[in-house]
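These notes concern the structure reproduced below.
Note that the coordinates shown come from a computational prediction; the quantities given were computed from them, not determined experimentally. Residue numbers start at 1 and run along the sequence shown.
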Amino acid sequence: MQKTSTVRFEAASTLAVVVSSNEPLLYLSDDQKVIAASASFCRAFDIDPETVCGQNLSEIGNGEWAMPKLASLLKATASGSADIEAYEIDFQRPNQKTRHLVVNARMLDDGDIDHIRLLLAITDVTDARAEARLKDDLVRDNAILLQEVQHRVANSLQIIASVLMQSARRVQSEEARGHLHNAHHRVMSIAALQRQLSMSTGGKVELRHYFTQLCQSLGASMIADPDRLSIQVMVDDSAVEADVSVRLGLVVTELVINALKHAFPDERPGAIVIGYHSSGKDWTLSVTDNGIGMPVGGEAPKAGLGTGIVEALAKSLNGDIQLSDAGPGAAVTINHREDAGLRTDISTAA
């Protein structure tokens, strides 16, 4: 008697849980008759709750649940040979669009070992799939648009560089010619930056390859004799966000251009070395040459556009600039220390 009461209590509890569930659920016998249906199931599939209990699954509604494959899977589940795991079906009703459903089913122990019970859960993924397809379409369209923009940017930079070179050949003033050549070098370096970034994936840029490509571009446009001058890249495996790589690349461009213009006069041979290494969020960027070194006193050149660009970029990267004697030559180093930024924030707050 006590066992019978326990079984009835567990069965009643199961019915209560199924009927009140927020998810579309069907509670079935082993011959696929509906014992109970959740209110959410009836709402989702426009079924009168008064008509569903006692009917076979294939009979509910207007017969749209009469799907041989689903019936076969439920039979296998009732036999204990399989569970239905995320089985997808196309649900069709007259004069309505096809819905995409994901169903899961398993045997349910409600305390009555003499009767097999099945719990069938249904999830309508139509809207979610449509949204996913829309996102995929947008990603694909954006990728095509980005490629087109990059192509146009590359063409525009090439046109600007050509115009600058033509202008440099026509002007009589050596000073004006020098300014036009400097502008040409900067445009070409930006073109190299744009080309390298267009090939990067995953939002991160590997600096070793990035700086190598950049320096090859600078060398091709500014070094007439590669046997006399060279640019070397000594960079670790660091990878940074694309916007950070752009600023680092522009710093390298300005410092390399400056070294090529001033460090090796009178056909002096030499090398420029680009260095970068990081540890956690701390990093150091250096551009070192073995040229004539930095003039001091009255011979020191006035700060120009390149110096202003480097200082502004270093500030935007929260880096400190250091100029030092490389013996021979000169070194420009930019250090970024995360704890230094924290100390500054603390002292400012105090």
Side-chain angles (χ1 to χ4, degrees), residues 149-197 210-211 213-232 246-274 285 287-316 321 323 326 328-332 334:
V149 170
Q150 289 171 343
H151 179 69
R152 293 188 180 187
V153 168
N155 287 343
S156 299
L157 290 171
Q158 291 294 335
I159 292 171
I160 294 170
S162 297
V163 170
L164 289 170
M165 285 302 294
Q166 291 173 5
S167 300
R169 295 189 186 101
R170 288 198 300 266
V171 299
Q172 302 298 318
S173 167
E174 287 295 328
E175 181 179 0
R177 186 178 296 112
H179 289 314
L180 289 170
H181 276 298
N182 287 342
H184 173 264
H185 297 323
R186 288 190 171 97
V187 170
M188 292 303 294
S189 68
I190 292 173
L193 291 171
Q194 184 271 339
R195 184 170 58 253
Q196 181 65 26
L197 290 178
Y210 181 41
F211 286 163
Q213 293 289 323
L214 177 60
C215 291
Q216 286 176 350
S217 176
L218 288 170
S221 64
M222 295 191 68
I223 298 177
D225 183 4
D227 293 331
R228 183 177 70 87
L229 292 176
S230 65
I231 307 175
Q232 303 169 16
V246 169
R247 285 176 281 176
L248 292 172
L250 291 173
V251 168
V252 169
T253 295
E254 294 300 331
L255 293 177
V256 169
I257 289 175
N258 185 70
L260 289 173
K261 286 172 56 179
H262 302 295
F264 307 102
D266 304 322
E267 302 299 313
R268 180 189 179 102
I272 301 170
V273 179
I274 314 301
L285 171 69
V287 177
T288 306
D289 67 73
N290 59 358
I292 61 173
M294 290 186 175
V296 295
E299 297 182 358
K302 294 182 179 180
L305 174 62
T307 301
I309 291 174
V310 171
E311 290 177 347
L313 290 169
K315 184 177 180 180
S316 74
I321 302 178
L323 282 66
V332 179
I334 299 177

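In this structure, the side chain to side chain donor-acceptor pair (under 3.5 Å) partners of R228, at least two apart in sequence or on a different chain, are E267. The salt bridge (Lys or Arg N to Asp or Glu O under 4.0 Å) search around R247 returns D243, not counting sequence neighbours. Taking I321 as the reference, V310, E311, A314, L323, V332, I334 meet the side-chain contact (heavy atoms from CB on, under 4.5 Å) condition, with sequence neighbours excluded.
Side chain of D225 to backbone of D227: a donor-acceptor contact under 3.5 angstrom is found.
The minimum heavy-atom distance linking A271 with N290 is given by the pair N-OD1, 2.9 Å. The shortest non-hydrogen separation linking H262 to I292 is O-CD1, 3.6 Å. Contact detail for A331 and A326: the closest heavy-atom pair is N-CB, 4.3 Å.
The CE atom of M222 sits 11.0 Å away from the OG atom of S217 when rounded to the nearest 0.5 Å. Here the CG-CD1 distance, from L229 to I272, works out to 7.0 Å after rounding to the nearest 0.5 Å. In this structure, L313 CG and L248 CG are separated by 9.0 Å, a value rounded to the nearest 0.5 Å.
Counting only heavy atoms from C-beta outward, the side chains of V252 and Y210 never approach each other to under 4.5 Å.
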| request: Any chance you could lay out the side chain to side chain contact (heavy atoms under 4.5 Å, CB included) test for I231 and I223, step after step, and finish with the verdict? | output: CA-CA 10 Å; I231 307 175; I223 298 177; 4.0 Å; yes

